[in-house]
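Numbers here are sequence positions counted from 1. Counting starts at 1 for both ligands and their atoms, in listed order.
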Amino acid sequence: MRIDIITVLPELLESPFSHSIIKRAQEKKHVEIFVHNLRDYATNKHKTVDDYAFSGDAGMVMMIEPIDRAISTLKAERNYDEIIYTSPDGVKYNQQEANKLATFENIIVLCGHYKGIDQRVRDHLITKEISIGDYVLTGGELAAAVIVDSIVRLIPGAISDETSALTDSFQDNLLAPPVYTRPAEYKGWEVPDILLSGNFKKIEQWKEEQSLERTRRLRPDLLDE
Ligand code: ADE
C-alpha cells in the first residue's frame, strides 16, 4: 500500500511514522508513506497556500490551485482508490472505515488547515471527508496520523501476531477484555483466579463475558449497532 499525505506542516508528521509498528511496516515494505509539503506546489514566490475568504469572514482559506497541482501531480503517476480530506465536519471515522481503507492500494490524505478549504476542492477533488471525532483540532495533521496509524496496523504482516489486530476493541463491536501480566498479586491487588487456572475454555468464556460487560457499561451504543 502507498499513502501520500499533503500538508502545510510536514514536520508535524515526522515522528508519528518513525517508531514501532508503523516504522517496521515501512522497513518491511508493507507500506510506503510519503509526506508532501503543499507549499512546494504554490505558484508565487512567497509560496502562498491560503487567502482571504470571499465572504469577508475572518480566517484564511486554503486555496484550490496548489492543492489541485499537488493532487494532479500524484494522480499522473498512479490511480488512487480514495482522496481523503481531514476535517471536523467530515463523516465520523471508525474501525469499519479503517478496515476498508486498509484494503486499498493507493490513497491520498489532504490535511485541512486554517479556517477551511475552498469548497471547490471538496466538490471536485476529494472523494471522502473524514472527522476523527466531535472536537476541533488546530489542523488535520494529527487526524491524518490517527487515520494512517489505524490503517497500517491492519495491513497483513504489519503486526507480527496477525490475530492480534482481529481481537482489538471494536473489531466485533465489543470492547476488548482486560489483560494482566505478572506479578499475580501486587500490593494486595490480585489477578482474577480464572486466568491462573490454566483452563483455556473457561478463560475464553471469561474473556467473552468481560467484553460484553465492559461494552454494556462503557459503550452501550455499540450494542445497538
Ligand atoms: N481537523 C480539525 N479537527 C478535526 C477532526 N476532529 N477530525 C479531522 N480533522 C480535523
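Annotation: atom 7 (N) of ligand 1 to nearest protein heavy atom, Ile132 N, 3.0 Å. Among all protein heavy atoms, the one lying closest to atom 1 (N) of ligand 1 is Pro88 CD, 3.4 Å. Summary of contacts: the protein heavy atom closest to atom 9 (N) of ligand 1 is Ser87 N, 3.1 Å. Looking from atom 6 (N) of ligand 1 to the surrounding protein, the closest heavy atom is Tyr135 O, 2.8 Å.
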What's the verdict on salt bridge (Lys or Arg N to Asp or Glu O under 4.0 Å) for Lys128 and Glu97, showing C-alpha distance, side-chain angles and the deciding distance?
-> CA-CA 11 Å; Lys128 177 163 275 190; Glu97 189 59 35; 2.9 Å; yes
Asp118 vs Ile67, side chain to side chain contact (heavy atoms under 4.5 Å, CB included): CA-CA, chis, key distance, verdict | CA-CA 10 Å; Asp118 191 307; Ile67 294 171; over 6 Å; no
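At least one heavy atom of Gly139 sits closer than 4.0 Å to an atom of ligand 1. Heavy-atom separations between Gly112 and ligand 1 are all 4.0 Å or longer.
Tracing side-chain contacts under 4.5 Å through hydrophobic residues (I, L, V, M, F, W, Y), one never reaches Val61 starting from Leu9; they form parts of separate clusters. Neither Leu175 nor Tyr93 shares a network with the other; the hydrophobic side chains, linked directly or stepwise wherever heavy atoms of I, L, V, M, F, W or Y lie under 4.5 Å apart, form separate groups for each.
Residue contacts with ligand 1 for Ile130 involve N, CA, C or O but no side-chain atom from C-beta outward (heavy atoms, distance under 4.0 Å).
Phe200 is linked by a side chain to side chain contact (heavy atoms under 4.5 Å, CB included) to Ile203, counting only residues two or more places apart in sequence or in another chain.
Annotation: Leu137 places an N or O atom under 3.5 Å from an N or O atom of ligand 1; distance criterion only. Not one N or O of Ala143 is nearer than 3.5 Å to an N or O of ligand 1, by distance alone.
Among the candidates Ile155, Ile151, Val148, Ile22, the single residue satisfying the side chain to side chain contact (heavy atoms under 4.5 Å, CB included) test with Val31 is Ile155.
Between the side chain of Gln26 and the backbone N or O of Phe17, at least one donor-acceptor pair lies under 3.5 Å.
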